[in-house]
Every structure is written in C-alpha cells, then in structure tokens.
Amino acid sequence: MKITAFMMHMVLTFFLLIGACSTFPTGIVQVNNEAIRAPDKVLIVYLSRTNNTKALAKILHKHVGGTLVALELSPPTPPTTGLP
C-alpha cells in the first residue's frame, strides 16, 4: 500500500511539473500609448540602493517623460515596549 501511495505522489508531481512548464496561447496585446501622448500624467517612482534602478528610471524618464521621484528610506524606529 505504501508503494502505491508513493507512486501516486510521484505521478502527481510529474504532471504538476509538466503542467507548470507548458505555455498558454498568447493573443494580441494592445498597447495604450496614452502615456506617450500625455507625459504630464506619468509618474515614475523608484527605490535604488545601488543606483542600478536609478539609472534605469532615468532611461525610462528620458523616453517616456513625466515626473521622476526617488523614494528615500527613513531609519527604522525602535519598537515601543508599551511601558510608561
């Protein structure tokens, strides 16, 4: 009985792995060019610790336009203990 349950799990795992690797048929994707026509409605927000994301955000801003905003992390606050 244990061998049968093990084999069922193996078969199920096999089919799940094969199913995860399959592709779905793709259709036509329509791109909304409204951002290109109205760059004043575009907001690009980025968080960059190593300046890689900053460089990509600047490239995107150069091509699309809009407003470029960098997020800045504040230092973590110590947890409150609840004691007066």
Side-chain angles (χ1 to χ4, degrees):
M1 189 67 169
K2 280 188 169 183
I3 295 174
T4 306
F6 176 74
M7 291 300 290
M8 290 298 290
H9 282 102
M10 292 300 291
V11 169
L12 180 62
T13 303
F14 173 75
F15 282 114
L16 287 174
L17 288 173
I18 295 299
C21 295
S22 66
T23 59
F24 291 100
T26 57
I28 297 173
V29 177
Q30 294 182 0
V31 177
N32 184 0
N33 291 330
E34 184 176 329
I36 296 172
R37 288 178 273 174
D40 57 328
K41 294 185 178 184
V42 175
L43 175 64
I44 302 169
V45 181
Y46 69 92
L47 173 65
S48 184
R49 294 182 182 156
T50 60
N51 288 332
N52 291 334
T53 308
K54 180 179 181 179
L56 291 174
K58 284 186 174 184
I59 293 170
L60 182 64
H61 180 255
K62 180 177 135 184
H63 290 287
V64 175
T67 305
L68 186 63
V69 177
L71 289 181
E72 296 178 11
L73 297 178
S74 62
T77 57
T80 58
T81 60
L83 297 174

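For the numbers below, each heavy atom of this structure counts, side chains included, while hydrogens, waters and symmetry mates do not. Since this is a predicted model, take the numbers as computed values, not measurements. Throughout, numbering of the chain's residues begins at 1 and tracks the sequence.
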Nearest 0.5 Å, please: how far is [atom2] in [Y] from [atom1] in [X]?
{"X": "N51", "Y": "K58", "atom1": "CG", "atom2": "NZ", "answer": "8.0 Å"}
{"X": "E72", "Y": "S48", "atom1": "CD", "atom2": "OG", "answer": "11.5 Å"}
{"X": "N52", "Y": "L56", "atom1": "CG", "atom2": "CG", "answer": "7.0 Å"}

query: Which heavy-atom pair separates L71 from L47 by the least distance, and what is that distance?
result: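 Between these two residues, the closest heavy atoms are O-CD1, 3.6 Å.
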
field: Candidate pair T67 and V42, rule side-chain contact (heavy atoms from CB on, under 4.5 Å), full reasoning
entry: CA-CA 6 Å; T67 305; V42 175; over 6 Å; no

task: Answer yes or no: is there a donor N or O on one side and an acceptor on the other, between the side chain of H61 and the main chain of I44, under 3.5 Å?
output: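 Answer holds: no.
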
query: Could you go step by step and tell me if L68 and Y46 meet the side-chain contact (heavy atoms from CB on, under 4.5 Å) rule?
result: CA-CA 8 Å; L68 186 63; Y46 69 92; 3.8 Å; yes

